[in-house]
Amino acid sequence: MATNTFPDAFLWGTATSSHQIEGNNVNNDWWEWEQEPGNIKNGDRSGAACDGWNRYAADYDLLRDLNQNAYRFSIEWSRVEPKEGQFDKAALDRYLDMLRQLRKRGIEPFVTLHHFTNPRWLAPRKYWVDDETPAAFERYAKAVVDHFGDEGPRFWMTFNEPMVLITMGYVLGQWLPKHRNFGEAGRVFLNLLEAHRRAYKVIKARHPQAQIGLANNMSPFQAYPGLDAGAAGAGGQGGAGRGSWLNRFAASLVNGTFNWPFLEALRTGRARIPVFGVNHYAPELKGTQDWVGLNYYTRGVIRFNPLHPVTSLVPQPPAPGVEQTSMGNEVYPAGIHQCLTELWAKFKPLPIYVTENGVSVPDDKRREAYILSHLAQVKRAIDEGIDIRGYFYWTSTDNFEWSEGYHQRFGIIEVDFATQARTVRPSGWVYGEIAKHNRLPG
Ligand code: IFM
């Protein structure tokens with residue numbers, strides 16, 4: 001019989017990334033990009049961010065107070081290797097101390113090696129377009145693994161949302177390097193996969209028991225009701241006629257291009273994204289994933305416009321009257337269940353971790369509702385037999401939200417950026433109670 005209780009040893013955490021919380025990551029590409037007016041909303045710059053580089057121990061105290069037993073953070077490659085081939089021991093020591101401080105508080109670290117940012121010394125090589133970059137990443141991964149030694153984490157992620165990086169940077173051209181070039185997108189795809197494979201091998205060589213995955217962002221993509229179906233509300237599958245057929249085709253194209261290529265390549269060795277002209281077989285990629293990481297925020301409703309074939313593949317804004325977040329996303333809890341179900345169908349028996357799920361809203365009550373409604377869907381998936389072992393809310397402290405800057409507030413802990421004061425929001429205490437009792441209220 002279904003209850004509100006989660007499986008034993010379920011991991012309850014929050015997720016963060018280096019550039020978004022640490023502050024003063026002056027040696028990476030995003031820092032440089034922020035300095036150019038027009039790239040970040042309101043001219044925001046990451047600056048000191050949440051000063052996480054100095055305040056991490058106090059922040060972990062708050063996580064402990066919230067009964068968290070896991071925490072996801074990323075290592076900043078440009079700190080560890082600020083100049084090519086030169087590793088900063090003090091920076092590595094500090095990351096090691098983060099692991100120690102977390103463990104001291106009974107919190108299991110999940111470590112991401114790459115969360116969007118790159119050292120600036122990769123610029124002459126055009127970052128991930130260059131086929132030498134995977135070897136550079138392997139060297140960085142090895143430096144981290146060696147430095148951590150026996151104290152290395154059990155759970156690793158190579159990349160965060162690789163398809164978001166490709167789509168935003170090389171397809172839509174909204175993030176650096178602001179290119180629209182499918183050829184480059186294809187190269188980046190293959191090089192990220194190769195870098196993942198190399199890092200996987202490096203970690204396993206030192207820690208055969210390590211559990212390695214990556215955080216894959218997914219949305220169920222659904223067709224807008226037929227172009228001729230009127231404003232019936234976005235997201236329906238209905239509607240007749242040419243528009244509807246086109247939208248269904250476009251939605252399945254986006255689904256195939258965005259949701260699956262990384263995970264499929266790691267399962268089958270086949271790296272394939274037809275719209276980028278990539279169809280490459282690399283058998284050594286097979287099996288380089290021990291668990292599946294899902295980042296889920298919303299669904300995407302696709303309304304294809306042949307006059308704008310690329311930009312019309314970007315999901316529609318939510319229909320009028322539908323609850324939406326400050327990021328302009330529809331609140332759609334059923335979507336996390338759909339993603340979990342589809343992931344399990346394709347990748348079982350690999351366990352699944354929800355490596356991100358969260359919301360930016362002005363009213364914290366709505367954050368609480370979002371957490372509860374999404375966790376109910378996670379629980380439903382567990383009750384249906386899906387092996388889900390953890391959930392990471394995005395995010396603990398409010399932080400720097402990429403091109404959106406500081407006005408997006410995702411945190412269960414409010415940050416006053418003028419003083420760096422932290423205040424746990426009521427939704428944080430609710431989440432803390434869920435973690436404490438390992439069950440949903442009610
Ligand atoms: O802040 C980001 C994070 O870096 C990656 N996943 C989505 C989050 C919210 O937009």
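One-based numbering, in listed order, for ligands and for the atoms of each.
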(request) Compute the shortest N/O to N/O distance between Asn217 and ligand 1 and return yes if it is under 3.5 Å, no if not. (result) no

(message) Between Tyr370 and Tyr297 (judged by ring centroids, cut-off 6.0 Å), do the two rings come close enough to count as a pair?
(response) no

(request) Measure centre to centre between the rings of Trp77 and Phe137, then say whether the value is under 6.0 Å. (result) yes

(request) Specify the protein heavy atom at minimum distance from atom 8 (C) of ligand 1: its residue, its atom name, and the distance to 0.1 Å. (result) Tyr297 OH, 3.4 Å

(message) Does any N or O of ligand 1 fall below 3.5 Å from an N or O anywhere on Asn160, backbone included?
(response) no

(request) Taking the six-membered ring for Trp and the full ring for Phe, Tyr or His, determine whether the centres of Tyr71 and Tyr60 are under 6.0 Å apart. (result) yes

(request) Find out whether the Lys NZ or Arg CZ of Arg72 is both under 6.0 angstrom from the six-membered ring centre of Phe110 and within 45° of the ring's axis. (result) no

(request) Report yes or no: does His115 have a heavy atom closer than 4.0 Å to ligand 1? (result) yes

(message) Looking at ligand 1, would Met327 count as a contact under a 4.0 Å heavy-atom criterion?
(response) yes

(request) Give yes if a backbone or side-chain nitrogen or oxygen of Ser17 is under 3.5 Å from a nitrogen or oxygen of ligand 1, and no if not. (result) no

(message) For Phe73 and Tyr95, take the angle between the two ring planes, folded into 0 to 90°, and tell me which bin it lands in: parallel under 30, tilted 30 to 60, perpendicular over 60.
(response) parallel

(message) Minimum distance, heavy atoms only, to atom 4 (O) of ligand 1: which one of Gln20, Glu401, Glu356 is it?
(response) Gln20

(request) Give me the ring orientation class for Trp402 and Phe400: parallel if the planes are under 30° apart, tilted from 30 to 60°, perpendicular past 60°. (result) perpendicular

(request) List every atom of ligand 1 that sits less than 4.0 Å from any heavy atom of Glu161, numbering the atoms from 1 in the order shown and giving each element. (result) 5 (C), 6 (N), 7 (C)

